[in-house]
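Read the structure below first, then the notes.
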Amino acid sequence: MQRETVEARTLDILLSNFMPLKKAEPLKVSFEKVNLIVGCNSDSVLGFNTIKVKTRKESEGIERKVYDKYIFAEIRENEKVREVQTFTVPFYMPWYVASLTFLWPKERTYCFVDAPTEIEEELGNETSTGLGLVTFSDQINECPGNSVVVCFSSSNNCDIEVRGSFVKKNGKALPYINKETLYAAIFSDPELYFCNLKRLAKRISLQTEIYKEKVRTLTNCNTVKAETLDSLNEAASRLASCIDPRRFSEALNNLKGNATALSDENRYAECQIF
Amino acid sequence: MQLLLVMKTDMLNVKSSKMKGKGKKVKGKAIKFCPVCGSTEIVLDSSYSGVFKCKSCGYRASIFPSKKERKAQLKIQEMAFVLLAFAILASFVLLFFARFQYLSIIKQAEKIREERAIAMLHGIASLPELSCSSSSVCIDKGKLEVINSSDRIKNNYKELWKSSNIKSIVIETKTKTYVVYESSEKGNFQTYLTYVPVCNHYCEFAKIKVKLILPENA
């Protein structure tokens with residue numbers, strides 16, 4: 001028990017609230033290969049992610065909770081890892097809500113087939129700003145062996161397919177609304193994806209309350225309407241309480257619509273709130 | 001039988017004294033003793049040749065049993081004492097080393113805690129609920145006013161502060177003190193502070209103070 005807990009501390013940066021992660025960095029998990037268990041709970045006010053390190057069959061370290069990070073990962077039950085690759089992106093809806101963290105075993109490689117240039121520039125190694133985390137290809141057979149193949153156009157033999165506004169993986173369809181949620185859907189386990197999106201919706205709802213109070217103090221100038229904020233809050237609350245996965249896409253798109261409306265209103269306001 | 005054994009030991013004594021002459025190590029000198037009273041004051045009886053006499057009880061015999069001086073035993077005992085003394089000394093050294101290590105671990109823990117607290121201060125200042133919308137690192141005065149005046153909003157983030165072992169977060173400008181979080185938790189605390197710009201229409205420097213709950217053994 002003690003040994004497993006000590007090993008989990010090597011992931012300290014990921015497990016501590018307020019500790020910022022770099023845009024992309026590999027994190028050492030342990031000296032020996034271990035199984036990493038990433039969990040999520042969206043029941044409390046903010047919800048939290050959990051991480052546990054499991055070295056042997058019956059031996060699990062203490063579960064660590066992190067409230068201000070949104071970890072999207074997919075680590076299979078018997079998959080052993082020594083090092084993980086992480087990268088973070090800011091999530092705006094319409095203001096900066098939080099940073100999303102994507103995590104996968106260092107040994108695993110992803111190959112994106114026919115991906116948009118925007119994504120290739122960010123995750124590939126063609127440009128100077130590219131993170132070089134993913135291999136990009138025009139054809140599936142050019143992808144390295146054993147890599148997870150992510151197809152952006154209809155093809156056969158893909159592990160993950162991006163179709164319209166859904167990411168299809170493990171027989172499930174994960175709706176996405178922007179580049180950040182697309183990454184989340186690709187790199188995350190479906191259960192973790194839905195749970196973390198609910199957590200984000202809760203966070204948006206809480207932040208809306210702060211902005212609503214702020215708007216109330218701005219009496220001397222033209223600013224966003226409280227009703228627009230109310231609509232966003234309502235959309236976020238609906239997403240946070242969504243139980244039916246089939247209605248999740250609708251709730252997510254509704255949230256995006258409200259965020260766009262608020263963003264537009266704020267852009268032309270005399271006193272901008274964000 | 002007993003007499004035979006005594007004779008054997010006597011012969012051994014003779015052998016050992018012979019070996020002495022050849023430069024061999026003698027383990028101990030044989031001392032005759034009286035089998036009746038146990039006295040070691042045995043002298044040659046002048047009245048009879050080859051007869052010994054116990055001075056103490058007067059017992060006479062040509063052969064008296066003898067015993068070796070316990071030099072080897074003494075040496076073993078000496079060695080045992082030396083070893084014991086060494087063990088005690090070593091345990092003192094070990095104790096001192098352990099204490100030294102313990103203190104250095106405590107110091108290290110303190111340093112790590114301090115580094116984490118500083119990182120935490122910057123993390124708190126750049127939290128979306130407090131920070132300015134612009135990319136520069138600053139605290140939005142409007143958001144700060146809202147959080148300071150609303151207990152309901154403060155309570156929304158209670159689990160985040162609590163899980164980070166935070167007792168209180170206070171932001172002090174020249175004119176006002178804003179309380180972001182305050183808990184009634186009791187125990188040992190350590191205050192860490194840094195300076196951050198608080199901006200509205202204009203910016204001013206403010207102190208951000210975080211009181212952290214220390215672990216019990218710190």
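A, B, ... follow the sequence lines: proteins, then strands. Residue 1 opens every chain.
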Side chain / backbone / both / neither for A:F48 at chain B, heavy atoms under 4.5 Å: neither

Options A:K214, A:K212, A:K202, ranked by heavy-atom pairs under 4.5 Å with chain B, top entry: A:K214

Close side-chain approach of A:F18 and B:R116, heavy atoms under 4.5 Å: no

Over all atoms of both residues, closest heavy-atom pair of A:I273 and B:S133: O-OG, 4.0 Å

More than 12 heavy atoms of other groups within 6.0 Å of A:E118 CD: no

Under 4.5 Å from any heavy atom of chain A - which part of B:I147: side chain

Contact winner vs chain B - A:T217, A:I210, A:V45, heavy-atom pairs under 4.5 Å: A:I210

Pairwise distance CD(B:E145) to CD(A:E213) - rounded to 0.5 angstrom: 12.0 Å

A:V66 portion near chain B, given a 4.5 angstrom heavy-atom threshold: neither

Partner chain A: residue of B:P128, B:G123, B:A119 with the largest heavy-atom pair count (under 4.5 Å): B:P128

Within 6.0 angstrom of A:N220 CG, more than 12 heavy atoms from elsewhere: no

Residue B:L144 versus chain A: region with a heavy atom under 4.5 Å: neither

CD/B:E172: more than 12 non-hydrogen atoms of other groups inside 6.0 Å: yes

Side chain / backbone / both / neither for A:K65 at chain B, heavy atoms under 4.5 Å: neither

Atom CD of B:E41: over 12 foreign heavy atoms under 6.0 Å: no

Heavy-atom contact with chain B under 4.5 Å, split by part of A:S44: both

B:E129/A:R203 salt bridge by N-O under 4.0 Å criterion: yes

Residues of residues 149-161 of chain B near chain A, each having a heavy atom less than 4.5 Å away: B:R152, B:I153, B:N156, B:Y157, B:E159, B:L160, B:W161

NZ (A:K225) with more than 12 external heavy atoms under 6.0 Å: no

More than 12 heavy atoms of other groups within 6.0 Å of B:L83 CG: yes

